[in-house]
Structures are given as C-alpha cells and as structure tokens.
Amino acid sequence: MNTSTKSEGWVRAVEIGLGIIVVILAIYALKYPGDAFVSLVRILGIILFIVGIDRLITGIFLPIRGRGATIGLGVLVLIFAGLVIAFPVFATLIITVFIGIALLFAGAASIVQGFSGKESGWKKAFLIGVGALLIVIGVMVLVSPVFGAEFAGIVVATGLLIAGIEMIVAGATGKRLNIPAESLTGKK
C-alpha cells in the first residue's frame, strides 16, 4: 500500500528550484562528462582532506586507543587527499583504471557464476551475457581511461538528471511517494 503526504508551499518551491538546478547541472555534466567526473574526484579529495583533519584531531586531542595509528592514518589520508586535490586529472585516471579492473573481476565472477551456478536457461545466459558486457566495458576503460572517465561521468550525470526530475515532479505535485518499509523488506 503506497501512501503520499502533501508538502507545504515553500517546501514545494524549494524542491522545484533545487530540482531545476540539479537538472541544469546534470545536462552540463552530460555535455562534458569527463570534466564532470574530474570535478567529482576533486570534491571527493576535499571530503577526504576533511576526514584526514578529523582523524588527526581525534588522534591528538581525544583519549582513544590506537592514538598513534589514528594520527598516522590521518596524515596518510591528508597526503593522498592533497595529491588528489593538486592533481585531479591524474587521480581521475588512476580511479578509472581501478574501475576498469573492478569491471573485469565483476564480469569474470558473473561468467563463472553463470557456468558453475545452479541457474539454468535464461538466468544462466543473462549472467554470462552481463559478465561478457562487463569485461568488454572493463577492457575499453583500461585501454582508454578517458573513455572510462567519460562513461563514469555519464552514469553520474544520468543519475543526477533523474533525481532532479523527481525533485521537480515532487515539488510540482506537492506529493512525495512514501513506500512502507514492509514492502521493501517483504515483511508485514
């Protein structure tokens, strides 16, 4: 059973406004997916820098076990985050290579599951097909990390576009779909 709740007018206006901003940014990201992914990596670097500072402060000022390890790991996080912030394109290429390797492993695992698992028929074919597709994409990413960065940028931009449209629709209609937890878990 799905329920919905009505939002207040100002909340609806904010949702529409923010949704429009997200859609505009998503369209820009779709137009320049490589730049979008580099920007995302830079933002992640900034977040990691803040996490490193937190670990450093925690290790220095709070009475915790493993103080030295916390301080040391905080320093390492700061160093790597600083490198990501200073060299975002290089960091993006390294991350893209790791994504390519991960796709190869995921594809191989899917193919192995398809051949050795208990599945048969279309499920077996689907697992093998998805595995082969993941391997092809993984090889393409490893051969051309620029393709990988652009592909990742397109995936992120598409997700943002969908989220922005959802925000606009929720603001325009004044209703947000609330799905009861029972339907998500299958429990009643």
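Everything numeric here is computed off the predicted structure, so don't read it as measured data. FYI, the numbering just counts along the sequence from 1.
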Fill in: Approximate separation, where rounding is to 0.5 Å, of Thr173 OG1 and Ile16 CD1
8.5 Å
Worksheet item: Do Leu161 and Leu30 have side chains that get closer than 4.5 Å, going by heavy atoms?
Response: yes
Worksheet entry | Whether Arg67 side chain and Leu62 backbone form a donor-acceptor pair below 3.5 Å | yes
Worksheet item: Quick one: does Arg12's side chain have a donor or acceptor within less than 3.5 Å of a partner on Ala172's backbone?
Response: yes
Worksheet entry | Ile154 side, atom CD1; Tyr32 side, atom OH - distance, nearest 0.5 Å | 14.0 Å
Discussion item. Working to the nearest 0.5 angstrom, can you tell me the gap between Ile20 CD1 and Leu18 CG?
Written reply: 9.5 Å
Practice prompt. Please confirm whether the backbone N or O of Met140 pairs with a side-chain atom of Ser144, one donor and one acceptor, at under 3.5 Å?
Written response: no
Discussion item. If you define the side chain from C-beta out and look only at heavy atoms, does anything of Ile50 sit under 4.5 Å from Asp54?
Written reply: no
Fill in: Spatial distance of atom CD (Gln113) from atom NZ (Lys123) [nearest 0.5 Å]
10.5 Å
Worksheet item: When hydrophobic residues are tied together by side-chain contacts of less than 4.5 Å, even through go-betweens, does Val51 share a cluster with Ile46?
Response: no
Worksheet, complete the sentence: Distance col, row Leu160:CG vs Ile24:CD1, nearest 0.5 angstrom, shows 13.0 Å
Item to complete: State plainly whether one hydrophobic cluster holds both Ile168 and Ile162, where clusters connect Ile, Leu, Val, Met, Phe, Trp and Tyr through side-chain heavy atoms under 4.5 angstrom apart.
Response: no
Worksheet item: If two hydrophobic side chains count as joined below 4.5 Å and joins carry through other members, does Phe49 share a cluster with Val38?
Response: no
Worksheet entry | Thr70 OG1 to Arg65 CZ distance, which is reported to the nearest 0.5 Å | 11.5 Å
Worksheet item: Under 3.5 Å, is there a donor-acceptor pair between the side chain of Ser110 and the main chain of Ala106?
Response: no
Practice prompt. Using the rule that two of Ile, Leu, Val, Met, Phe, Trp, Tyr join whenever any of their side-chain heavy atoms come within less than 4.5 Å, decide whether Trp10 and Met167 are in one cluster.
Written response: yes
Discussion item. Please tell me whether Leu103 and Phe37 are part of a single hydrophobic cluster in this structure, the criterion being side-chain heavy atoms less than 4.5 Å apart.
Written reply: yes
Fill in: Plane angle bin for Phe147 and Phe151 - parallel if under 30°, tilted between 30 and 60°, otherwise perpendicular
parallel
Only distances under 3.5 Å count here; give the side-chain donor-acceptor pairs of residues 71-98 to other protein atoms, sequence neighbours excluded, each with its distance to 0.1 Å.
residue: Thr92; atom: OG1; partner: Pro88; partner atom: O; Å: 2.7
residue: Thr96; atom: OG1; partner: Thr92; partner atom: O; Å: 2.6

Worksheet item: Are any non-hydrogen side-chain atoms of Ile111 and Val130 less than 4.5 angstrom apart?
Response: no
